[in-house]
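Counting starts at 1 for both ligands and their atoms, following the listed order. Numbering starts at 1 and runs along the sequence shown.
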Amino acid sequence: MKKIAVLTSGGDAPGMNAAVRAVVRTAINQGMEVFGVVRGYNGLIRDELIPMNLRSVSDTIHRGGTVLYTARSPEFCTEEGMQKAIDTCHRHGIEGVVVIGGDGSFRGARDLSARGIPCIGLPGTIDNDISCCETTIGYDTATNTVVDMVDKLRDTSQSHDRCSVVEVMGRHAGWLAMSAGIAVGATSILVPEIPYDFEADIVNRMKATAGTGKHHFIIIVAEGVGHVEELAKKIEEATGVESRATILGHVQRGGSPTARDRILASHMANYGVHLLLQGKSNRVVALQNNQICDFDITEALNMKKPFDMDMYRMANEISI
Ligand code: F6P
């Protein structure tokens, strides 16, 4: 294998740049040429490729976002778009592609692999919703970002004896809400994986906590549960505690990646390039039992990631 390409796709995640950097550095060290594809699969369709050298990725390891830009590409899901992407690969002699993104990006990598362009997926998403992978690139940084912001909300919430109802990203998954909820000591954490009872899980918990002398509350709500404005109103009516809703939004996707995300991204990317060198295709790099490993993309897409009920139980037990 002499020429590969790397792209970032879907929602950006902190640590994607560290992954791109490690792909480029590993490939060049192994005697390969590397192209950076601009704006995900759209860049393959439109032939927007940049030759990368060792210095193209200097000063990027600490930067959030993605220097290659990213996009969600409906066009790539069409036969015509896919064919244009394949033509671009053939025109440049690209023999392998490293795709950094989430499930949607892996479906694209699977389809490209099936049509003869070997692809390796690296899990980059703040949602931590890749079934085969314990921790995705970006999840740790986003958790820390949420914690940082909720700590600030706590200051004002505590000063006014209020309840802060905070919506955290995660699409259909509650991982980010749970990890951040534990780290900020939330009174309740609502996630889409577990149905909740308004009286038992919010009102009674707040009342019990108030009975022990606490007068301010943080309720963390995953995006997949949503409706934080209505929830804040309902909480105020049911408990008499003045309540405010905050939707943290896209700020959660930004910021300099944590050391943990930089290391994870570097390790996964290096591993992924070595998979290509071994002639492997249609694999996704993952973390299992804290070890880097890989799975067939098709199998990985069919896997289920059970929600961590023990962590959720623990969070509830210590949050009163
Ligand atoms: O997948 C990452 C994510 O930030 C989700 O948490 C969120 O639901 C979605 O992307 C938002 O997408 P967009 O940036 O396209 O609005």
Open item on the list: I'd like to know whether ligand 1 has R72 as a neighbour, heavy-atom separation below 4.0 Å.
Closed with: yes

Task: Distance-only polar pair, side chains of S188 and D201, donor-acceptor under 3.5 Å - done: no

- [ ] From the options E223, Q252, H172, select the one whose nearest heavy atom is closest to atom 8 (O) of ligand 1.
- [x] E223

Open item on the list: Assess, by modelled atom type and distance only, whether the side chains of S256 and R262 contain a donor and an acceptor separated by less than 3.5 Å.
Closed with: yes

TODO: Test I4 against V6 for side-chain contact (heavy atoms from CB on, under 4.5 Å), laying out the working first.
DONE: CA-CA 7 Å; I4 65 168; V6 55; over 6 Å; no

Task: Distance-only N or O hit between ligand 1 and G170, under 3.5 Å - done: yes

Open item on the list: Other members of the hydrophobic cluster containing I61, with the 4.5 Å side-chain heavy-atom rule, please.
Closed with: none

Open item on the list: Whether the S179 and T143 side chains hold a donor-acceptor pair (N or O, under 3.5 Å, no angle test) is what I'd like checked.
Closed with: yes

TODO: Looking only at protein heavy atoms, identify the closest one to atom 10 (O) of ligand 1 and say how far it is in Å.
DONE: R253 NH1, 3.1 Å

Open item on the list: For atom 16 (O) of ligand 1, what is the closest protein heavy atom, and at what distance to 0.1 Å?
Closed with: H250 NE2, 3.2 Å

Task: atom 6 (O) of ligand 1 - nearest protein heavy atom and its distance - done: D127 OD1, 2.7 Å

TODO: Kindly compute the distance separating OG (S281) from CD1 (I117), expressed to the nearest 0.5 Å.
DONE: 9.5 Å

Open item on the list: Suppose we measure from atom 9 (C) of ligand 1 to each protein heavy atom; which comes out shortest, and what is that distance?
Closed with: R171 NH2, 3.5 Å

